[in-house]
There are 2 protein chains.
Amino acid sequence: MPTSKDVAQAAGVAQSTVSYVLSGKRPISEKTRKKVEAAIEELTYQPNAGARALAGRRTRVIGLVIPFIPELEMASLMEFVSVIASTARQFDHDILLVTEDEGAAGLRRVVGQQICDGLILMQVEDEDERLPVARTLNVPVLLIGIPRDPSGLVCIDADFEMAGDQCIRDLASAGHSVVSIIEWQPAVVNRHVNYVDRFMRGADTAAESLGVAVHHFPGGADVAIISESVDKALAATEGVPAFIAPDRTIQDILRRALTARGLTPGVDVSVIGSASPTLAELQPVPLSTIDLRPKEVSRRAVKIICDLLETENQGPHESLELVPTVITHRASTLRPPHGS
Amino acid sequence: MPTSKDVAQAAGVAQSTVSYVLSGKRPISEKTRKKVEAAIEELTYQPNAGARALAGRRTRVIGLVIPFIPELEMASLMEFVSVIASTARQFDHDILLVTEDEGAAGLRRVVGQQICDGLILMQVEDEDERLPVARTLNVPVLLIGIPRDPSGLVCIDADFEMAGDQCIRDLASAGHSVVSIIEWQPAVVNRHVNYVDRFMRGADTAAESLGVAVHHFPGGADVAIISESVDKALAATEGVPAFIAPDRTIQDILRRALTARGLTPGVDVSVIGSASPTLAELQPVPLSTIDLRPKEVSRRAVKIICDLLETENQGPHESLELVPTVITHRASTLRPPHGS
DNA sequence: TCGATTTATCGATGCGTATCGACGATGCGT
DNA sequence: ACGCATCGTCGATACGCATCGATAAATCGA
């Protein structure tokens with residue numbers, strides 16, 4: 001492997017000059033820059049990351065703490081991971097995976113060994129055991145998700161309250177006065193992420209101001225529970241029933257339960273789910289969706305932490321950014337009455 | 001951040017002694033070891049990764065090249081990633097994400113900058129553009145998947161041929177003489193991964209030796225295509241029909257298509273799918289599965305490359321490891337006739 | 001034309017660890 | 001008691017790069 005010294009020798013300059021050509025931190029004449037760049041090209045020189053980290057006290061690596069494999073939600077998780085990694089590259093950073101099974105000790109390790117310049121924590125819970133540790137680490141930490149006490153922390157998440165609001169308003173404007181919301185699966189709810197509450201709060205508030213009645217039903221991974229909820233919901237509704245199912249697994253089960261009862265989304269019943277546009281269009285009846293914008297959340301998360309890494313001021317930051325959600329009409333919801 | 005020099009000072013020894021206590025590469029008296037360990041504890045010393053990499057020419061990081069986000073198969077992908085990261089930790093290594101959108105240049109980068117000691121390539125295609133590059137990198141590379149020409153490369157994958165064989169034998173022993181296999185989705189097939197072919201070869205060979213007739217049907221993401229295949233398959237079968245659907249998405253669609261026709265798995269029809277035991281049990285009718293053992297593949301992949309990293313001999317290795325698949329009877333297939 | 005600036009480059013040093021050779025201390029046999 | 005191997009520790013050096021101060025060269029003003 002060629003070193004910057006080799007490059008310097010090939011270009012007939014000092015090693016430090018090579019370094020300055022690369023970093024641009026001192027003026028370099030056009031002539032020597034050309035020489036150095038030619039030498040770099042010829043030797044296919046690439047700076048050694050370890051040496052760079054040692055001398056520059058910067059690794060340009062961000063640790064990504066992924067939650068413990070819950071067998072569910074994996075697809076969604078992967079989308080975050082993938083977009084985070086790509087975006088990090090755009091900011092000239094790399095992503096190191098830190099698995100949850102290392103626990104809080106893992107955070108101390110990657111920061112203590114200075115493998116990472118900063119951390120992104122995914123799936124932050126209401127009372128997350130990692131937070132006390134995160135607060136004491138002397139590196140920027142970015143949370144995806146909002147804990148009960150976000151003081152002294154930098155958080156970002158989808159605006160679930162807005163999502164709940166949008167769903168209710170949308171159904172209300174389509175003429176529904178009763179809406180049934182089916183919660184996330186117990187596996188999600190029990191993890192004590194609070195976006196469930198935020199969503200419901202947004203929905204309830206909107207419903208109250210619009211005079212819409214909202215029924216809540218527990219989520220469940222198996223058909224029986226959902227079927228039961230559907231029956232209760234149908235019994236409690238006059239006119240065309242409306243369902244909101246923000247959990248992807250739930251919405252699949254819901255669709256089957258409705259089909260089994262001879263109800264067609266967009267005709268006899270309105271359904272709002274959550275899915276990427278692509279997947280939504282692939283449904284038997286294209287699904288109206290509330291888009292929680294995982295990609296945008298991921299992108300902003302990376303941007304925020306990279307900004308923090310640039311301005312290396314040590315003062316503990318604190319901020320809370322909510323990414324607006326987007327509701328999209330497709331065939332699974334009734335159209336609003338003409339003129340409304 | 002304390003350094004090994006600080007530790008040395010606190011313990012009243014030389015810095016090199018601290019290093020030897022940590023590495024164990026030279027004998028250290030019980031007494032000074034205790035002193036040093038106490039100092040490490042007290043200062044919460046952790047060795048600097050950059051310095052370590054520089055001096056030891058080893059980063060203890062493995063690059064994991066994840067395929068370009070295909071919107072499908074994400075859950076399965078995440079399972080690999082998660083297990084790989086955990087297993088790497090057991091071998092005292094970390095995982096750096098390398099996204100496919102950097103292309104082959106990404107491989108050169110992470111190796112050239114010596115961010116990684118080795119690479120794991122996921123989802124290797126038949127004629128993978130990354131392979132020529134991989135062969136010239138002077139670090140161990142481990143492929144998950146088997147390219148057309150595996151010469152000079154180290155590969156591991158599930159034994160899809162065995163999987164095909166097992167499925168056919170299982171159905172044959174349950175009395176089926178005609179079996180319909182529904183291929184993976186076009187999105188998978190078109191990516192030119194060859195495990196599809198390997199599976200079919202195993203199935204066809206077994207079928208021939210057992211006198212079983214096999215019908216192949218294309219996969220498809222939407223219900224219409226699968227329904228059509230099912231109808232054709234039913235028409236072509238006398239007695240109880242049997243289906244094999246190794247693609248998870250397909251198997252979900254298949255189940256609905258069969259249900260719609262009043263066929264109950266395990267009673268009027270046999271179905272073998274692919275899913276984790278957990279998910280298989282959650283189905284309306286517990287699904288007989290062919291387990292492609294993604295976790296085991298991941299674990300072995302990490303073990304292999306870590307072994308290669310230990311024995312740093314430079315000679316280009318070549319090997320091909322196939323992980324045995326496991327077929328598990330559940331309620332969705334007919335029971336073999338008594339006594340067989 | 002000569003000193004005062006500015007510009008471009010060089011040499012030296014430090015970052016924190018691993019490793020090698022050296023050296024004093026200890027134990028051995030005779 | 002003396003030479004000799006062994007054990008435990010130390011000091012010095014290298015790893016490859018970033019950065020600082022210094023210096024030579026070029027530019028400018030008067």
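Here is how names work: the chains are called A, B, and so on, in the same order as the sequence lines, proteins then strands, and each is numbered from 1.
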According to a strict under-4.0 Å criterion, is A:S4 in side-chain N/O contact with OP1 or OP2 of D:dC17?
yes
Please determine, for the side chain of B:A51, which listed nucleotide (C:dT17, C:dA12, C:dT9) has the closest atom?
C:dT17
For B:Q9, look at atom CD and say whether over 12 heavy atoms of other residues, nucleotides or ligands are found less than 6.0 Å away.
no
How close or far is atom C1' of C:dG14 from atom CZ of A:R58, stated in whole angstroms?
18 Å
Can you find an N or O donor on one side and an acceptor on the other, under 3.5 Å apart, linking the side chain of A:R26 with the base of D:dT19?
no
Could you check if a side-chain atom of B:P67 sits within less than 4.5 angstrom of a side-chain atom of B:L77, using non-hydrogen atoms only?
yes
Need one value for B:T3: base, sugar-phosphate or nothing, where a base atom within 4.0 Å counts as base even if backbone is also close, heavy atoms only.
sugar-phosphate
Interatomic distance, B:K5 NZ vs D:dC10 P [rounded to whole Å]
15 Å
Closest-nucleotide 5' rank along DNA chain D - winner of B:R57 and B:Y20:
B:Y20
At under 4.0 Å, does any side-chain N or O of A:R52 touch on OP1 or OP2 of D:dA18?
yes
I'd like to check A:I84 versus A:I144 (side-chain heavy atoms, cut-off strictly below 4.5 Å). Are they in contact?
yes
More 5' along DNA chain D: A:Q46 or B:P27, using each one's nearest nucleotide?
B:P27
Checking base pairs now: Watson-Crick or wobble, both atom distances under 3.5 Å. What partners C:dG29?
D:dC2
Kindly say if A:K25 contacts the phosphate of D:dT19, meaning a side-chain N or O under 4.0 Å from OP1 or OP2.
yes
Within the pair B:S16 and D:dG11, is there a side-chain N or O less than 4.0 Å away from OP1 or OP2?
no
Separation of B:K31 atom NZ from D:dT9 atom C1', in whole Å?
12 Å
Find the distance B:I40:CD1 to C:dT17:C1' and express it as a whole number of Å.
13 Å
Measure from the side-chain N and O atoms of A:S86 to the backbone N and O of A:S82, and report whether any donor-acceptor pair falls under 3.5 Å.
yes
Classify the side chain of A:Q15 versus the base of D:dA18 as yes if they form a donor-acceptor pair under 3.5 Å and no if they do not.
yes
Report the distance from atom CD of A:Q114 to atom P of C:dG16, rounded to the nearest whole Å.
8 Å
I need the CG-P distance between A:L54 and C:dG14, as an integer number of Å.
13 Å
Look at B:S29 and D:dT9 and indicate whether a side-chain polar atom (N or O) is within less than 4.0 Å of OP1 or OP2.
yes
Which part of the nucleic acid, if any, lies within reach of A:V13 when heavy atoms closer than 4.0 Å are counted: base, sugar-phosphate only, or nothing?
sugar-phosphate
For A:E30 and C:dT9, what is the distance between atoms CD and P respectively, to the nearest whole Å?
11 Å
Between C:dG16 (C1') and B:L22 (CG): distance, integer Å:
12 Å
Does some side-chain heavy atom of A:T311 sit less than 4.5 Å from a side-chain heavy atom of A:D307?
no
Counting side-chain heavy atoms from C-beta on, which of D:dC20, C:dT9, C:dT17 comes nearest to B:A55?
C:dT17
Measure from the side-chain N and O atoms of B:R109 to the backbone N and O of B:I115, and report whether any donor-acceptor pair falls under 3.5 Å.
no
B:T32 vs D:dT9: side-chain N/O to OP1/OP2 distance below 4.0 Å
yes
Look at the side chain of B:N48 and decide which nucleotide, out of D:dA18, D:dT9, C:dG16, has an atom nearest to it.
C:dG16
